[in-house]
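Worksheet: the structure to be examined is printed underneath.
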Amino acid sequence: MGSLKSEEELERIDDEAVASKEAILYVNGSRKVLPDGLAHLTLLEYLRGIGLTGTKLGCGEGGCGACTVMVSHYNESLKKCRHYAVNACLAPLYSVEGMHVITVEGIGNRMHGLHPVQESLARAHGSQCGFCTPGFIMSMYALLRSSQSPPPEEQIDECLSGNLCRCTGYRPILDAFRVFAKTENSLYGPQPSSSSVEESNVVCPSTGKPCSCRSGSLVDSEPTRESICCGEKYKAISYDEVDGSLYAEKELIFPPELLLRKISYLSLSGFNGLKWYRPSRLKQVLELKSRYPDAKLLVGNTEVGIEMRLKRMHYPVLISTMHVPELNVLNVKDDGVEIGAAVRLSDLLTVFRKVVTERAYHETSTCKAFIEQLKWFAGTQIKNVASVGGNICTASPISDLNPLWMASRAKFRVIDGKGNLRIVSAENFFLGYRKVDLASGEILLSVFLPWSRSLEYVKEFKQAHRRDDDIAIVNAGMRVFLEKKDDNLVVADASIVYGGVAPLSIAARQTKEYLIGRTWNQELLQGALEVLRSDILIKENAPGGMVEFRRSLILSFFFKFFLWVSHEMDGMRSIKEEIPLSHISAIKPFERPSVIGCQDYEIVKRGTAVGSPEVHLSARLQVTGEAEYADDIALPPNGLNAALVLSRKPHARIISVDDSQAKSSPGFAGIFLAKDVPRKNKIGPVIYDEELFASEFVSCVGQVIGVVVADTQENAKLAARKVHVEYEELPAILSIEDAIKAKSFHPNTERFLGKGDVDLCFQSGECYKVIQGEVQVGGQEHFYLEPQSTVIWTVDGGNEVHMVSSTQAPQKHQKYVSEVLGLPMSKVVCRTKRLGGGFGGKETRSAFLAAAASVPSYLLNRPVKITLDRDVDMMITGQRHSFLGKYKVGFTKDGKVLALDLEIYNNAGNSLDLSSAILERAMFHSDNVYEIPNIRINGRVCFTNFPSNTAFRGFGGPQGLLIAENWIQRIAVELKKSPEEIKEMNFQGEGSVLHYGQQLQHCTLGPLWNAQKESCNFLNARKETDQFNLQNRWKKRGVAMVPTKFGISFTTKLLNQAGALVQVYTDGTVLVTHGGVEMGQGLHTKVAQVAASSFNIPLTSVFISETSTDKVPNASPTAASASSDMYGAAVLDACEQIKARMEPIASQKNFSSFAELASACYVERIDLSAHGFHIVPEIGFDWKTGKGNPFRYHTYGAAYAEVEIDTLTGDFHTRDANVFLDLGYSINPAIDVGQIEGAFVQGLGWLALEELKWGDAAHKWIPPGCLYTCGPGTYKIPSVNDVPLKFSVSLLKGHPNVKAIHSSKAVGEPPFFLASSVFFAIKDAIIAARADAGFTDWFPLDNPATPERIRMACLDELTAPFVGSDFRPKLSV
């Protein structure tokens, strides 16, 4: 074994070291011996390799939490176990040697019973696609195991900060886990009879708040209200220092063998000569460091792991210092705290929190600053393993902690191989970009942090794109030490340190000199701000961009620090009087209460299942990790893994491809280029304008040039990187503006819609005003948690090809593979069990990956799996289209819109894909809900040198709607009226004829809007917001209400068809197969409910296994929100056929059960299988005439939002979101509510958080055509902390939809745009901030409304030195 050492080596390292006989690990109670040679593996790779696929690979960089597991190890000195959550994708396998790892499979399963955590999440509708679910389960499980008493709600929220979900909107997950929280039992009482929160003192066990969760009345029965989330409380059944808290009888205990096992020295190896050492004494560390001066020391691998995986850095020697006692010292002393370099950040946080409660208030100013900064440092899984020393020595210029160490007079103890100690002040430790004052052979031993003194104040600052788990844009640590002189307070010492503004954490030395000796007053503030501007300089072309924003944050942070220190000074009246009360809001921390969710709907039952709020059919499989996804399928022994050879240039001619180095790469099995494609190299979903493998030219970074296959995924990626492509670069078009200038449009994509006479209206003098403007609409990454994946294999030597794919369109995979290989479609089968999210990103852009993998599989006659890494997936598979809208709108003095002239452009990228249809839907939705007598819309699809953009929830609709809401809001500003007033005055109604000729029928906009207005008490909310804004200068609130109308149907008529196969078995169970794909939206559950109600059998008797092209042919993609309508109707058709055949038998006698009837029919040779089919009637549109009925019906919605912004930093919170939707009679209201919440939070991401940054003219620091934001580290989707604090969803009652199955309506896409209520509430708050600075003119606000855009729009004296009132932050469009 690699852990055995020769006597000579053992003596040289340390006489006392005893080599372990074998490296062991316990996984879910099972003992595993770890062989040598696996040092390159992560814990995740190992777990999935042994078949524990419940732990998912979502990102590979510790940013999404899908890979979370619990690690337990015994601390001998404390005589207790530590149970904590970690990211298995970053944890090196050998780092958990001697520990117990518990995965989601180890806590409960379908066969032996679910753990209470799993049960609670399944029941609360907290799992949709299910891919992120095991990670959430394990984060919560680890918290419960490690807590002696029930954790408070804040701790539950904090423990989930490192987990991302793209489907649910988080609210049901929080509800599910709150049943484990510490609550006040005396408040519990009977269920409230009233829906008013204020009227009841009853508390929900789920939220610990006055009960706000309610569902509406059951139709045709006595009105009853049932709580949706008030479930049973779960309590631990036992606790001890070794096993922690146990909640179930069968829980895994800590293995007794590991209690007796001493942590010993390890020396192991890995692929490519990698050496892994785990010393157990400081002496061993120093000896190893002397022997390998360039060795990397690590504890949690949270930085080194990312460097090795994403930055391709090679570190041949890794030394794990996790178990070295001398490096894990954590001593609270009289003069301060001594902190070992290997101390974990979560342990440091625990000690600081304890110290704050025990020591004098003035002594812990520094500790409090660290507590706040650590809270937002990273997700819990990272903090559980990341070390103090690792964070310091990485010397990241955006380290959150280094500015605080520097500011707070910390001292670093450094030791060399001979045991010589030296002390370096933190302020002098950082020398340059990722360079510190450590000589070769030296290591950081510990940190000494002194207590703060009386009249010494230390404060932390950080602004990131997202609060939870995000790297800083700018951060700071500031300290001031004051002395009393006469009646004044004079600065005796100070330290102002910034991160994110230079290649290293940097102290503002001139500012410090200016401060010392001066009296702490307003004059000092103004002078210091002046000095700071020249003290810390950021160059115009600085990496990271956002230069003006970062400059303004430097001043904003110091301004906040001054106010905070002034406010902290007790009894110093002279200071306090200088600060107006309205300024105090600048320093008030935002106390985030727990999210309160409220769902209001009526239940209209049809038969046994339709109308019932049933739990997702796969929920129990998903919470246990037993649900299988494409990447979970194990390859047979002869299987190969594929990796793509990708273009590195946005536009170039391929001169040559040199694959010689790839061929000598380990495990290499083949490389396939354009010349190797068996039949067609041309592909495309609508027109054949793409190449499977680029032959002569590349037209974007990330275009596929070829595919490499090898024995493992890592070897395939390594070989692909070794393929050398030589290019001749050509000019690239990298924005919509570039495309317009160059007239670069996809052919035959110009579109026109119109009614009335726009020019005549503008010229007639009817218009009080005509305004013109431009709206830039940002794109959005799908960020489905499950990356693109396909497993493909040949059958009968290549006569047939079968595949399992993560796709919304199995038929497209079948077609692409068939054409590329030259096989008939009848010999190609694509199966899809479920997706870990899709949102449109797996409709067309998954098919070329399956086709690429099919070439080696077919030619080598071997199975091939391709699963994209997150960064590659984001870079090559396309996003939501960015749009540019140029509007000219005329209106009356009252605000009635008379004419709209709109030019609309979308950024298609380098192929057409679905861009024409996306442009068309944007044009259809460009009126939103407004009556416009004269309208002209011209649309163009731009060709640019980016990867082809594609479908995304809403399919162009949200972009068209957002442009409309922008000009509505501008009319309101021009007329000095509220936007809501302008909206109401222009509403369409029953019988309105739209600009594409369709007449509105069954329009519920009026009652819906009124119900929404009443529910949120809008006028009162407006009044309260105005009052708040009058009293607060630096925090502002805003409110907004937004309506929506979303057309339901594919706008391509031929796609509006659906097939299904229903089979009844003699035991009375029913197997349903249909053409739709389950991707978390609950399609299978709804369809099963339709079948169950049709046959009048329980839902448990209906099963849907998978979607397969050999069961239902020629299926349309699962998209356009229409799947429940179409496939529900097709299944109903099949059920009715079978029922008609059964009727003669059923009428002969009363059968005791459906099983008895099915058996009787079988005896009578009745066919119990039927194919159902449905076509959507009365639709069709003619682009030649520009008239028709493109939609079967419209789904209407409205939303209200209230936000609070910090005008100095651009941070914001959504205080309230209230959503109303008309969904007719819902087939499953619980699933529909989940869709609404998920869509709203995803929409909130598009509008306020998620910014794509491409290498273009706006971002010259990024290589041309490259995507900078290609992972969770740089691209921020909403997290738990972004959920509206009060989140209400109501379904309009009493309005059945006569145009769809069971009077229901489509739900997937319509709610997405309603998140614009948050966007326009943010703008409303900015308007209030600008008014305080004397600016009342209209201004553009692009989406996403990131902290940069919010801050730079809130003009004040701190932004004035850097920008004018017309400044508009750059956006990749």
Side-chain angles (χ1 to χ4, degrees), residues 752-762 764-771 773 775 885 887-902 904 921-938 957-958 960-975 977-1010 1012-1013 1040-1048 1181 1186-1191 1193-1199 1222 1310 1313-1314 1316 1320:
F752 169 78
L753 286 175
K755 76 169 182 180
D757 191 327
V758 173
D759 293 329
L760 183 65
C761 183
F762 285 149
S764 67
E766 282 180 76
C767 300
Y768 167 67
K769 266 190 181 177
V770 175
I771 54 173
V775 183
Y887 64 81
K888 183 177 175 184
V889 62
F891 49 92
T892 68
K893 202 168 190 173
D894 294 335
K896 203 99 173 90
V897 179
L898 296 177
L900 170 68
D901 191 3
L902 180 65
I904 195 166
R921 189 173 274 269
M923 292 169 72
F924 286 138
H925 287 75
S926 287
D927 60 343
N928 194 2
V929 294
Y930 307 118
E931 193 77 68
I932 310 167
N934 304 286
I935 186 166
R936 177 171 62 214
I937 308 173
N938 285 291
L961 294 163
L962 187 61
I963 292 167
E965 287 300 318
N966 263 281
W967 53 253
I968 281 281
Q969 199 260 349
R970 186 165 177 189
I971 292 171
V973 172
E974 296 286 341
L975 297 176
K977 293 188 172 188
S978 84
E980 289 70 28
E981 192 182 337
I982 304 294
K983 290 172 193 187
E984 287 177 13
M985 162 188 320
N986 288 287
F987 275 171
Q988 295 162 345
E990 188 67 21
S992 287
V993 177
L994 306 177
H995 58 287
Y996 43 88
Q998 184 159 359
Q999 189 175 33
L1000 288 186
Q1001 297 175 333
H1002 313 290
C1003 175
T1004 55
L1005 177 63
L1008 186 103
W1009 181 261
N1010 292 334
Q1012 168 66 281
K1013 216 168 170 184
M1041 273 182 75
V1042 172
T1044 190
K1045 168 183 104 254
F1046 195 89
I1048 304 300
F1181 187 80
K1187 293 290 176 275
N1189 287 348
F1191 306 117
Y1193 60 88
H1194 293 86
T1195 293
Y1196 297 90
D1222 165 26
F1313 178 68
L1314 293 176
S1316 68
F1320 287 105

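Everything numeric here is computed off the predicted structure, so don't read it as measured data.
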Report task. Check for a donor-acceptor pair, side chain of Thr1004 on one end and backbone N or O of Leu1008 on the other, with a separation under 3.5 Å. Result -> no

**Report entry** Least distance between heavy atoms, Ser926 atom then Ala964 atom
**Finding:** O-CB, 3.4 Å

Report task. Could you tell me whether a side-chain N or O of Lys977 sits under 3.5 Å from a main-chain N or O of Asp894, the two making a donor and an acceptor? Result -> yes

Query - Contact check, side chains of Pro1043 and Leu1005, non-hydrogen atoms, under 4.5 Å - result: yes

Query raised in the report: Donor-acceptor pair, Asn934 side chain versus Leu898 backbone, under 3.5 Å?
Result: yes

Query raised in the report: Can you tell me if Ser992 and Glu931 form a side-chain donor-acceptor pair at under 3.5 Å?
Result: yes

Query raised in the report: Can you name the one residue among Asp901, Asp757, Asp927 that meets salt bridge (Lys or Arg N to Asp or Glu O under 4.0 Å) with Arg936?
Result: Asp901

Query raised in the report: Taking Lys888 for the side chain and Gly773 for the main chain, is one N or O donor matched with an acceptor at less than 3.5 Å?
Result: no

Report summary line: Looking only at heavy atoms, the pair that brings Pro1190 and Gln998 closest together is CD-OE1, 3.2 Å

Query raised in the report: Do the side chain of Gln999 and the main chain of Gly991 share a donor and acceptor less than 3.5 angstrom apart?
Result: yes

Query - side-chain contact (heavy atoms from CB on, under 4.5 Å) between Tyr768 and Lys896, intermediate numbers included - result: CA-CA 10 Å; Tyr768 167 67; Lys896 203 99 173 90; over 6 Å; no

Report summary line: Rounding to 0.5 Å, atoms CG (Leu902) and CD1 (Ile937) come to a distance of 5.5 Å

Query raised in the report: Does Glu984 reach the side chain of Lys1013, with side-chain heavy atoms less than 4.5 Å apart?
Result: yes

**Report entry** Heavy-atom check, side chain of Pro979 versus side chain of Ile971, under 4.5 Å
**Finding:** no

Query raised in the report: Where does the angle between the aromatic ring planes of His1194 and Phe1191 fall among parallel (under 30°), tilted (30 to 60°) and perpendicular (over 60°)?
Result: perpendicular

Requested in this report: Show the numbers, then the answer: is there a side-chain contact (heavy atoms from CB on, under 4.5 Å) between Ser1316 and Leu961?
Outcome: CA-CA 9 Å; Ser1316 68; Leu961 294 163; over 6 Å; no

Query raised in the report: Would a line drawn from the ring center of Phe1181 to the ring center of Phe924 be shorter than 6.0 Å?
Result: yes

Query raised in the report: Going through the distances and angles, do Met1041 and Phe1320 end up as a side-chain contact (heavy atoms from CB on, under 4.5 Å)?
Result: CA-CA 8 Å; Met1041 273 182 75; Phe1320 287 105; over 6 Å; no

Query - Closest non-hydrogen atom pair between Phe1046 and Arg921, with its separation - result: CE2-NH1, 3.2 Å

Query raised in the report: Say you draw a straight line from SG of Cys767 to CZ of Phe891; how long is it, rounded to the nearest 0.5 Å?
Result: 8.5 Å

Requested in this report: Please say whether the positively charged group of Lys1187, taken as NZ for Lys or CZ for Arg, lies over the ring of Tyr996, i.e. under 6.0 angstrom from the six-membered ring centre and within 45 degrees of the axis.
Outcome: no

Query - From NZ (Lys1045) to OH (Tyr930), nearest 0.5 Å - result: 10.0 Å

Query raised in the report: Taking Glu990 for the side chain and His1002 for the main chain, is one N or O donor matched with an acceptor at less than 3.5 Å?
Result: yes

Query - Step-by-step side-chain contact (heavy atoms from CB on, under 4.5 Å) determination, Glu974 to Ile771 - result: CA-CA 9 Å; Glu974 296 286 341; Ile771 54 173; 4.0 Å; yes

Query raised in the report: For the residue pair Val1042 and Trp1009, what are the closest heavy atoms and their distance?
Result: C-CZ3, 3.9 Å

Query - Closest non-hydrogen atom pair, Gly885 against Ile963 - result: CA-CD1, 3.9 Å

Report summary line: Looking only at heavy atoms, the pair that brings Ile904 and Ala922 closest together is CD1-CB, 4.1 Å

Report task. Among Val897, Val889, Val758, find the one that has a side-chain contact (heavy atoms from CB on, under 4.5 Å) with Ile932. Result -> Val897

Report summary line: CZ (Phe1313) and OG1 (Thr1044) are apart, to the nearest 0.5 Å, by 6.0 Å

Query raised in the report: Could you give the distance from NZ (Lys755) to CG (Leu900), rounded to the nearest 0.5 Å?
Result: 11.0 Å

Query raised in the report: In terms of side-chain geometry, is the basic nitrogen of Glu965 or Lys983 positioned less than 4.0 Å from the acidic oxygen of its partner?
Result: yes

Query raised in the report: Does the side chain of Thr1195 reach to within under 4.5 Å of the side chain of Asp1222, using non-hydrogen atoms?
Result: no

Query raised in the report: If you round to the nearest 0.5 Å, how far is CG of Asn928 from CG of Leu962?
Result: 10.0 Å

